[in-house]
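Counting from 1, the numbers follow the sequence of the chain as shown. These figures come from a predicted structure and were not determined experimentally.
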Amino acid sequence: MTSFPGGLRKAMAGGGLLQFQEAIREELEEAMKADLEKILSTAPESEIEHTKKDLAGFQKLFHRFLQEKGPSVDWGKIQRPPEDSIQPYEKIKAKGLPDNITSVLNKLVVVKLNGGLGTSMGCKGPKSLIGVRNENTFLDLTVKQIEHLNTTYNTDVPLVLMNSFNTDEDTKKILQKYSHCRVKIHTFNQSRYPRISKESLLPVAKDLSYSVENAESWYPPGHGDIYSSFYNSGLLDRLIGEGKEYIFVSNIDNLGATVDLYILNHLMNPPNGKRCEFVMEVTDKTRADVKGGTLTQYEGKLRLVEIAQVPKAHVDEFKSVSKFKIFNTNNLWVSLSAIKRLQEANAIDMEIIVNPKTLDGGLNVIQLETAVGAAIKSFENSLGINVPRSRFLPVKTTSDLLLVMSNLYSLQAGSLTMSDKREFPTVPLTKLGSSFTKVQDYLKRFESIPDMLELDHLTVSGDVTFGKNVSLKGTVIIIANHGDRIDIPPGAVLENKIVSGNLRILDH
């Protein structure tokens, strides 16, 4: 006969379903608390304090996860945002720049989200250390951009990196090379949360060790963790003490996310005298962006809605380019004093993202995450700014890498700008097949990056290599069937061509 713990027995005797569910929740929370205490007891002396904070943060998230039921938005309440709540960038730019650019910049801190690894592109270590242009890594380009600002305007804009336990050590080793640059660099770490078993909803980890077998038991809980981690690190207070007022936050792999002086001026000198606490840069959706989070009006506040929160019946409507015309670039400008106020009041509300994973051994787990932009509804006087597409240039795949390495862009002071020689403002649609997925393989397949100034669309599949000085124009499709190989000869010009079959160029 099955035996139930006391709380459940009472609830079942009482007969109420709600009571039963509540009792199950309480039992789960008790079991979680006991497990987390066991894990904490394995912490070395030096790690007890920050581990306590991490596990307390996780416990709060777990409590909310157990309370919430079904999709976190009521579709009937979603409305288009009011006209004035998303301003066109042109209007912001028309205000021009202030006379005192230096003093405005001195109020700014640049924060880059640097928690991700390069594994999806076949690289070991932090993604920010992958070379993207002329031997420069994402991190090199970021430091160059900020150094250029500091030198040009005689300012002191610091760079803050939010690392994860996956990227911290490797990043810190590299930072020494910037010691002579005119940029102060600070780091702090995201939390380290335990993955939980999908079946038992209890932690997979039994202790805090960093052993290989334990590595899969922990995860960094998404970039929504920035508010509490930044606050807990002491860096938030320190920067406020130095007179800093806003952070500009973006993904380190978004090469379009540079400091924009017009947006900064709008924040510091608002037209109506009332400062925004939170600005989200959005841009027009294309068919490629249908899954991106969008800004809506919800219960009188601007709210970011992600595809994971949408009830299944409304997913197609959410993806519609005509109804939801914009998406979040994850370039955000946030008031430091507002983060401090809300963090101390425990008032930053972000929806939980439940991310299912399967570990190497086949165990199904879930990790609970939050997204930084979801906090927009907790801040006062929030605003969306519809920016040009050029401010969203993420490098997620080698197809993206090909674009940023090509002559479509020129590089100045760490910033990439679209070449004047490109006749249309959009970038070509580029799809490289699985032979190009890893950066190492991709680099071997191009003797030099092709001329792509007049390219509209490129699809490459199979075992394909490119010789030097190849030029691609219009729509080019190259497909090597299984067992075949295609070598595009040096100096070839392919314009509106489909190449298939077998084309070997042999040295003799």
Side-chain angles (χ1 to χ4, degrees), residues 71 73 75 78-81 85-90 113 116 120-121 127 132 138 222-224 249-258 260 263 279-298 302-312 314-333 351 353 355 369 371-374 376 382-404 406 408-409 416 418 422 424-432 452 455-459 475:
V73 289
W75 193 254
I78 285 182
Q79 297 168 307
R80 276 195 189 163
S85 66
I86 299 180
Q87 299 271 345
Y89 178 75
E90 289 65 36
L113 304 171
S120 64
M121 291 169 78
K127 186 173 181 183
V132 282
F138 290 105
H223 40 54
V249 185
S250 63
N251 298 353
I252 200 156
D253 64 5
N254 178 6
L255 294 177
T258 55
D260 187 285
I263 295 177
V279 163
M280 175 180 286
E281 293 184 35
V282 297
T283 195
D284 291 344
K285 247 188 201 184
T286 66
R287 301 261 170 231
D289 314 305
V290 292
K291 290 183 178 178
T294 194
L295 266 188
T296 63
Q297 172 92 342
Y298 193 90
L302 272 186
R303 178 155 171 171
L304 177 69
V305 176
E306 302 278 2
I307 194 161
Q309 296 163 251
V310 177
K312 276 200 173 67
H314 297 282
V315 166
D316 286 341
E317 195 181 337
F318 173 83
K319 288 181 176 178
S320 148
V321 179
S322 53
K323 179 159 185 182
F324 298 108
K325 294 180 163 59
I326 47 124
F327 73 98
N328 166 30
T329 63
N330 222 34
N331 301 347
L332 310 167
W333 304 73
E351 290 76 30
I353 299 160
N355 191 352
E369 302 176 4
V372 57
I376 189 168
S382 297
L383 180 71
I385 296 179
N386 191 342
V387 296
R389 181 76 184 202
S390 57
R391 291 192 57 73
F392 184 66
L393 187 55
V395 179
K396 303 288 182 195
T397 63
T398 48
S399 301
D400 300 329
L401 195 55
L402 179 63
L403 295 173
V404 300
S406 76
L408 288 165
Y409 292 96
L416 289 180
M418 179 76 79
R422 172 91 174 157
F424 10 88
T426 54
V427 292
L429 193 61
T430 312
K431 293 178 189 167
L432 298 178
M452 293 165 59
L455 181 68
D456 298 323
H457 179 124
L458 173 68
T459 295
T475 295

Report task. Assess whether side chain to side chain contact (heavy atoms under 4.5 Å, CB included) is satisfied between Met121 and Leu401, documenting all intermediate values. Result -> CA-CA 10 Å; Met121 291 169 78; Leu401 195 55; 4.1 Å; yes
Can you tell me how far [atom2] of [Y] sits from [atom1] of [X], rounded to the nearest 0.5 angstrom?
{"X": "Asp253", "Y": "Phe138", "atom1": "CG", "atom2": "CZ", "answer": "5.5 Å"}
{"X": "Leu295", "Y": "Arg80", "atom1": "CG", "atom2": "CZ", "answer": "13.5 Å"}
{"X": "Leu416", "Y": "Thr258", "atom1": "CG", "atom2": "OG1", "answer": "9.5 Å"}
{"X": "Leu403", "Y": "Met418", "atom1": "CG", "atom2": "CE", "answer": "8.5 Å"}
{"X": "Ile376", "Y": "Asn328", "atom1": "CD1", "atom2": "CG", "answer": "8.0 Å"}
{"X": "Ile86", "Y": "Ser382", "atom1": "CD1", "atom2": "OG", "answer": "11.5 Å"}

Side chain of [X], backbone of [Y]: donor and acceptor closer than 3.5 Å?
{"X": "Lys127", "Y": "Val395", "value": "yes"}
{"X": "Thr430", "Y": "Leu458", "value": "no"}
{"X": "His223", "Y": "Ala371", "value": "no"}
{"X": "Thr329", "Y": "Glu281", "value": "yes"}
{"X": "Arg422", "Y": "Thr426", "value": "yes"}
{"X": "Thr296", "Y": "Arg303", "value": "yes"}
{"X": "Ser85", "Y": "Leu383", "value": "no"}

Closest approach of [X] and [Y], non-hydrogen atoms and distance?
{"X": "Ser406", "Y": "Met452", "answer": "CB-SD, 3.7 Å"}
{"X": "Pro428", "Y": "His457", "answer": "CB-N, 4.4 Å"}
{"X": "Phe424", "Y": "Leu455", "answer": "CE1-O, 4.4 Å"}
{"X": "Ile326", "Y": "Thr294", "answer": "O-OG1, 2.8 Å"}
{"X": "Gln309", "Y": "Glu351", "answer": "NE2-CG, 3.3 Å"}

Requested in this report: With side chain to side chain contact (heavy atoms under 4.5 Å, CB included) as the test, would you mind laying out the steps for Tyr89 and Thr283 before giving the verdict?
Outcome: CA-CA 10 Å; Tyr89 178 75; Thr283 195; over 6 Å; no
Query - Candidate pair Val305 and Tyr298, rule side chain to side chain contact (heavy atoms under 4.5 Å, CB included), full reasoning - result: CA-CA 10 Å; Val305 176; Tyr298 193 90; 5.7 Å; no
Query raised in the report: Thinking salt bridges, do Lys325 and Asp289 make one under a 4.0 Å N-O criterion?
Result: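 No, Lys325 and Asp289 are not salt-bridged.
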Query - Short side-chain donor-acceptor distance under 3.5 Å, Asn254 and Asn331 - result: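 Side-chain D/A pair, Asn331 to Asn254: present.
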Report task. Tell me, with the steps shown, if Leu304 and Met280 meet side chain to side chain contact (heavy atoms under 4.5 Å, CB included). Result -> CA-CA 10 Å; Leu304 177 69; Met280 175 180 286; 4.2 Å; yes
Query raised in the report: More than 12 non-hydrogen atoms from neighbouring residues, nucleotides or ligands closer than 6.0 Å to NZ on Lys396, yes or no?
Result: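 Yes, enclosed.
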Report task. Anything under 30° is parallel, anything over 60° is perpendicular, the rest tilted; go ahead and classify Phe318 against Phe324. Result ->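 Correct class here is tilted.
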Query raised in the report: Can you check whether Glu317 reaches Trp75 side chain to side chain, under 4.5 Å on heavy atoms?
Result: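 Yes, close enough: below the 4.5 Å cut-off.
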